[in-house]
Participant: 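Okay, here's the structure, questions in a sec.
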Amino acid sequence: MSMPVERIKNYEHMGLGLFIHWGLYSQLEQGEWTEFIHNIDQSKYEKLINTFTAKDFDAESIVKRAKSMGAKYIVLTTKHHEGFFLYDTKGLSSFDVMHSPAGRDLIKEYVDACHKYDISPFFYMASYDWHNPLYKDDFNRYLKYLQKSVELLCKNYGKIGGLWFDGNWNKKDANWHLDELYGTIRKYQPEAIIINNTGLKNMGKVINSEIDAVTYERGIPDVINHGEKNQKYVAGEMSITLNKHWGVAANDVDYKSPREVIETICHGKKVGANVLVNIGLTGTGRIPIISQEYMKMIGLWMKFYGQAIYSAKPTQVKAAEGLKDFALSDGENDYLFIYNIKVTGNSNVVLGGEGTNPRSFVGINKKIEKITWLDNDEQLNFLQNNDMLTVNATGFRYGTDLIVRVAKVDFEN
């Protein structure tokens, strides 16, 4: 496997991102596919442009919350399948934010806030489009329209982190002229990461040599496809929704447990993938309160353990059979991710973390100096025998339970 080029290496070090779905559909609060799945008449649906005010959209506040969550990048829907653009298309389309009561280029506000707070701005762009009749009637002309809309994003907003395409799976046998599309990006944004969501049936497939990362959508892969032998190294990326929908859905209360969210972020790094955590903004552009609380919980976990998510990668070190525990390495230190740690109580409030809790790993060939929990710098007792390590994973201090606990391994020089 070849070494990743610099932009892909930098992308992998970002580790955690925030995905934001927002569009006209957000006003209906029943998911981003509501026009299609609920068979809403197109002309009726598209009248939602007349009530799109974005009055509560505060890009700085959203970006600051993303930063507090520990996200290093944000992917925002510049146009979803409904075909409505959140930016000024400079006459390319009248179905854009400038023709709505909002009358502001929301993507400019978003990018400016990202640049201000050192977050990398990514643009989601739907290639499958329900609005433009050219998609069905004159596909080659539609592709020129798509390319022009991407060119505007690449030329008018300064440095961007990447483009995240979604929809080629709808015409999987068509010639999408990807070399022209990706060539436009490379011309204006040579360091941008190019991602094309391969859809639920082709998770992890590399569809073009310019692709920099493969997607697994809601999939939880055990292995990431980093590209064929002697081909370019590509990164991997998983996405997670907090409930069952990407766009805001007021009647979907089936939220994942914080445990599942944290464990999915950890699993992503275990297999060597970035993780995108998705939220849907309200119709007026606000983060729902419940999503804000999830972002805070993730941020708390990342405050303690984020360095392992940003800097470390999969290693040959393995946990003892039957355990979910795993290890990562940043080349200098190893990080032990340890599951199902109990909380320390006392004889009156026994929470299970009072006794010894040995956890074993194999494959560590260097002599260990010390092992410490990242959350409180407590040094752990351990035994090292050849390549076998057994560490006493002490319980969380009473008042704390961070779900997956991470210990840093320092080696002797």
Side-chain angles (χ1 to χ4, degrees), residues 10-18 65-74 118-119 220 235-240 242 256-277 293-315 317-319 323-344 353 357 359 361 364 368-380 382 389 391-411:
N10 292 339
Y11 167 78
E12 288 189 319
H13 282 315
M14 290 195 282
L16 180 70
L18 179 69
R65 286 184 186 277
K67 196 173 182 76
S68 295
M69 185 184 102
K72 297 284 191 183
Y73 66 111
I74 301 173
D118 195 27
I119 294 283
I220 310 290
E237 183 184 74
M238 295 161 44
S239 308
I240 181 173
L242 296 178
K256 294 176 172 67
S257 67
R259 170 172 292 275
E260 184 177 346
V261 175
I262 296 297
E263 288 189 352
T264 302
I265 291 169
C266 292
H267 180 83
K269 290 312 290 187
K270 176 186 177 182
V271 298
N274 283 14
V275 177
L276 270 182
V277 176
E293 293 304 317
Y294 271 79
M295 290 171 73
K296 282 182 196 170
M297 285 187 280
I298 295 167
L300 178 68
W301 191 90
M302 290 292 290
K303 183 178 78 175
F304 291 118
Y305 307 129
Q307 68 185 84
I309 296 295
Y310 302 135
S311 65
K313 299 187 73 168
T315 173
V317 178
K318 298 285 181 274
L323 294 176
K324 290 175 75 174
D325 306 341
F326 66 92
L328 299 177
S329 173
D330 64 8
E332 187 174 328
N333 298 100
D334 281 3
Y335 297 89
L336 309 179
F337 284 65
I338 299 180
Y339 288 64
N340 301 319
I341 296 285
K342 305 295 185 187
V343 178
T344 302
N357 186 14
R359 300 296 178 96
F361 296 82
I364 296 180
I368 295 170
E369 179 188 337
K370 63 180 179 176
I371 301 176
T372 50
W373 287 130
L374 285 177
D375 52 72
N376 66 356
D377 291 329
E378 176 192 350
Q379 288 202 27
L380 305 182
F382 66 92
L389 164 69
V391 57
N392 179 30
T394 54
F396 284 114
R397 182 174 181 270
Y398 184 72
T400 300
D401 188 337
L402 295 166
I403 299 169
V404 180
R405 202 170 192 187
V406 185
K408 180 182 176 185
V409 180
D410 283 281
F411 296 102

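All values derive from a computational prediction rather than experimental measurement.
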Participant: Holding to side-chain hydrogen bond (donor to acceptor under 3.5 Å, both in side chains), I want the full list of residues that pass it with Asn376, two or more places apart in sequence or in another chain.
Facilitator: none
Participant: Excluding sequence neighbours, so at least two apart, what forms salt bridge (Lys or Arg N to Asp or Glu O under 4.0 Å) with Glu12?
Facilitator: Lys313
Participant: Sequence neighbours excluded, which residues qualify as side chain to side chain contact (heavy atoms under 4.5 Å, CB included) partners of Lys303?
Facilitator: Leu300
Participant: Indicate yes or no for a side-chain donor-acceptor contact from Lys269 to the backbone of Ile309 under 3.5 Å, with no hydrogens or angles considered.
Facilitator: yes
Participant: Give me each pair satisfying salt bridge (Lys or Arg N to Asp or Glu O under 4.0 Å) with a member in residues 370-380, each pair once, sequence neighbours excluded.
Facilitator: Asp375-Arg405
Participant: Please list, chain by chain and in numerical order, all residues satisfying side-chain hydrogen bond (donor to acceptor under 3.5 Å, both in side chains) with Tyr335, sequence neighbours excluded.
Facilitator: Gln307, Asp330
Participant: Mind checking what makes side-chain hydrogen bond (donor to acceptor under 3.5 Å, both in side chains) contact with Ser329, not counting sequence neighbours?
Facilitator: Asp334
Participant: List the residues meeting side chain to side chain contact (heavy atoms under 4.5 Å, CB included) with Thr400, not counting sequence neighbours, and say none if there are none.
Facilitator: Phe396, Leu402
Participant: Under the salt bridge (Lys or Arg N to Asp or Glu O under 4.0 Å) test, which residues partner Arg359, sequence neighbours left out?
Facilitator: Asp325
Participant: Listed by chain and number, what are the side chain to side chain contact (heavy atoms under 4.5 Å, CB included) partners of Thr344, not counting sequence neighbours?
Facilitator: Glu354
Participant: Who are the side-chain hydrogen bond (donor to acceptor under 3.5 Å, both in side chains) partners of Trp301, not counting sequence neighbours?
Facilitator: none
Participant: What residues form a side chain to side chain contact (heavy atoms under 4.5 Å, CB included) with Tyr310, not counting sequence neighbours?
Facilitator: Lys72, Met302
Participant: State which residues pass ring pair (Phe, Tyr, Trp, His ring centres under 6.0 Å) with Tyr11; sequence neighbours excluded, sorted by chain then number.
Facilitator: Tyr73
